[in-house]
Amino acid sequence: MNVISLSPFDLSLAALLVLALAFISFILKLGLSNRIIIAAIRTVVQLLLIGLVLKALFAQVSLVLVTALSIFMLLIAGREVMARQQRRFGGVWGYGLGTLSMFVSSFALTIYALIAIVGTDPWYTPQYAIPLLGMMLGNTMTGVSLALDKLTTTAWQQRAVIEARLILGQDWRTAIGDITRDSVRIGMIPMINAMAAAGIVSLPGMMTGQILSGTDPVEAVKYQILIMFLITAGTGFSAMLATWIGARRLFDDRQRLRLERLS
Amino acid sequence: MTTLHVSNFKVRELQPVSFTVNNELVCLSGPSGTGKSLLLRAIADLIVHQGEVFVDDKTCSDTHPVMWRQWVGLLPAESSWWLDKVGDHFKQIDHEYLNALNLPAESLEWEVSRCSTGEKQRLAIVRLLEQQPKVLLLDEPTASLDADSVNRVESVIQDYANKFNVPVIWVSHDNQQIKRLARRAFKIENNEINEVTV
């Protein structure tokens with residue numbers, strides 16, 4: 001490992017670029033200068049904080065602490081999924097649906113990867129567990145929110161069609177079948193595209209980071225492949241789960257379309 | 001012969017109502033927005049309601065919803081189509097209904113987006129009758145049609161009702177039409193459903 005440590009002076013040279021951008025935005029009256037500076041400060045504070053948290057966490061390998069941070073990350077991701085919905089489910093479902101789907105697939109796949117693939121000892125070694133889970137959640141979050149948003153907005157627009165299909169004797173699953181298929185597809189496409197473009201159009205961030213920190217590129221690539229597979233599977237499964245539960249929730253036990261359950 | 005019986009039935013702000021329709025055609029009228037469509041949609045069990053509906057001795061609540069909606073054939077005021085080709089929306093095709101409604105056999109090959117509102121409405125009636133519903137709930141079935149088509153739809157529905165002894169509720173604003181079709185009529189006013197003389 002031959003990492004060149006970055007000094008505060010090095011970082012302030014980079015910060016100068018952001019300041020210059022903010023200054024030029026001000027001159028051009030883009031109305032963005034304040035936002036650029038606040039966002040830059042947030043980056044510094046949030047990342048330093050998580051850096052300190054991770055450093056403390058890595059120092060003592062504790063299942064309790066890893067679990068606590070994992071759940072915290074999950075809850076934030078769940079909130080983010082909810083915030084991205086144009087028409088979300090009312091009540092506890094608005095928050096619970098996305099969070100539950102992400103929990104099932106992200107946690108299950110991360111634990112599977114840690115135990116069966118990477119084989120860390122103990123399996124919850126935070127240096128592996130937290131970054132893996134973080135990447136899983138960050139991507140499943142996008143998949144779940146895209147899929148749910150597609151499901152609820154399309155169902156809302158196509159109320160007449162769904163009801164016409166119910167009237168003609170189709171069950172709820174068939175009546176909303178085209179919409180659920182589209183929703184899952186929308187949730188999965190970003191990851192499939194990312195896999196197809198990886199290495200040609202873009203050098204994935206994780207791999208780039210490992211290479212910068214001195215890891216042999218081939219090793220870094222192997223980890224990147226692992227991550228891409230995990231993320232694709234995790235995103236796909238959670239998009240399917242969220243769409244299926246969401247579609248079911250749009251109907252009641254008499255198979256009536258209950259759009260008033262969306263707020 | 002089939003009987004539709006609605007018992008202590010309550011939807012949204014409408015007053016509770018009970019009535020029986022034997023194998024006869026009953027018209028339902030009333031100003032817009034008073035809940036005529038609401039009532040029909042609730043009888044087809046598409047929206048939440050209180051009370052019970054009977055088709056003969058079978059209750060709505062004890063019948064599987066998919067089965068119920070096949071029995072209680074609702075024709076919405078505006079027809080919906082979800083596939084590109086007209087014919088893809090049909091399970092089986094009885095050319096008798098197409099002919100009777102002045103639709104050529106090729107109409108099944110038409111693109112839905114090319115059809116006029118009136119054509120779609122007549123095709124929707126064919127689509128509904130082919131399910132062989134035991135009860136017909138028709139929400140302004142002729143509102144978008146020209147005079148010739150109105151006559152055709154009226155006789156197709158009457159023939160179907162007579163042939164299979166089917167109770168029909170027909171929403172109409174047209175007093176002439178009500179007089180032509182029905183011996184009994186209901187009117188919704190001030191959230192109340194009352195029988196009126198034709």
Side-chain angles (χ1 to χ4, degrees), chain A residues 87-94 147-187 243-263, chain B residues 11-12 37-38 40-50 52-53 59-84 88-92 112 117 120-121 123-139 141:
Chain A
R87 299 190 186 281
R88 61 187 74 124
F89 285 91
V92 68
W93 290 85
L148 277 181
D149 193 51
K150 176 79 177 167
L151 175 75
T152 51
T153 48
T154 318
W156 188 279
Q157 288 160 0
Q158 299 201 6
R159 171 192 202 123
V161 165
I162 298 170
E163 290 195 332
R165 298 178 70 156
L166 292 174
I167 288 168
L168 290 172
Q170 297 187 352
D171 62 7
W172 70 270
R173 230 177 287 244
T174 317
I176 201 167
D178 296 338
I179 299 174
T180 50
R181 268 190 296 280
D182 276 350
S183 307
V184 173
R185 206 177 291 136
I186 292 274
T243 306
W244 190 81
I245 302 176
R248 182 74 194 84
R249 176 72 191 153
L250 286 175
F251 296 87
D252 62 15
D253 54 345
R254 295 292 303 170
Q255 305 201 13
R256 294 182 282 230
L257 181 63
R258 300 293 294 274
L259 286 179
E260 71 272 20
R261 289 177 177 172
L262 300 174
S263 51
Chain B
V11 206
R12 307 266 175 90
S37 306
L38 225 51
L40 296 197
R41 283 156 53 80
I43 294 175
D45 204 16
L46 279 176
I47 53 173
V48 180
H49 54 81
Q50 291 157 32
E52 191 58 272
V53 185
T59 62
C60 172
S61 49
D62 288 329
T63 306
H64 192 275
V66 171
M67 181 60 85
W68 182 260
R69 292 185 195 119
Q70 284 174 1
W71 289 351
V72 181
L74 169 66
L75 184 78
E78 208 171 303
S79 68
S80 293
W81 305 84
W82 53 93
L83 300 168
D84 292 341
D88 294 341
H89 297 80
F90 289 77
K91 273 176 239 146
Q92 74 262 356
V112 171
T117 318
K120 281 192 264 191
Q121 183 69 5
L123 286 162
I125 292 169
V126 176
R127 182 175 64 176
L128 181 68
L129 294 184
E130 288 190 338
Q131 250 190 182
Q132 302 209 315
K134 294 169 175 248
V135 174
L136 282 177
L137 308 177
L138 310 173
D139 195 351

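Quick caveat: nothing in here was measured; it's all calculated off a predicted structure. Order of the sequence lines sets the chain letters (A, B, ...), proteins ahead of strands, with each chain counted from 1.
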Enquirer: Among side-chain atoms of B/Trp81 and B/Ser79, is any donor-acceptor pair under 3.5 angstrom?
Expert: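 Per modelled atom types, B/Trp81 and B/Ser79 side chains form a pair under 3.5 Å.
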Enquirer: Starting from the C-alpha separation in whole Å, work towards a yes-or-no answer on side-chain contact (heavy atoms from CB on, under 4.5 Å) for B/Leu138 and B/Ile125.
Expert: CA-CA 9 Å; B/Leu138 310 173; B/Ile125 292 169; over 6 Å; no
Enquirer: Taking the side chain as C-beta and beyond, is there a heavy-atom pair between A/Ile245 and A/Trp93 under 4.5 Å?
Expert: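 In contact.
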Enquirer: For the candidates B/Glu130, B/Gln70, B/Arg127, which exhibits the highest count of non-hydrogen atom pairs separated by less than 4.5 Å from chain A?
Expert: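 The candidate making the most pairs under 4.5 Å is B/Arg127.
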Enquirer: Is A/Gln158 in contact with chain B via its backbone, its side chain, both, or neither, using a 4.5 Å heavy-atom distance?
Expert: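 It is neither, since no heavy atom gets under 4.5 Å.
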Enquirer: Only pairs of heavy atoms separated by less than 4.5 Å count here; which of A/Asp171, A/Asp178, A/Leu166, A/Leu168 has the most with chain B?
Expert: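 Maximum pair count with chain B is reached by A/Leu168.
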Enquirer: Who among B/Trp71, B/Trp68, B/Trp82 has the most heavy-atom pairs with chain A under 4.5 Å?
Expert: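 The residue among B/Trp71, B/Trp68, B/Trp82 with the greatest pair count is B/Trp82.
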Enquirer: Looking at B/Ile43, is its backbone amide N or carbonyl O close enough to the side chain of B/His49 to form a donor-acceptor pair, meaning the two atoms are under 3.5 Å apart?
Expert: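 Answer holds: no.
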Enquirer: Heavy atoms only: give me the nearest A/Asp252-A/Arg258 pair and the separation to one decimal.
Expert: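 Closest heavy-atom pair between A/Asp252 and A/Arg258: OD2-NH1, 2.7 Å.
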Enquirer: So which of B/Leu75, B/Val72, B/Asp45 has the largest heavy-atom pair count under 4.5 angstrom toward chain A?
Expert: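 Between B/Leu75, B/Val72, B/Asp45, the count favours B/Asp45.
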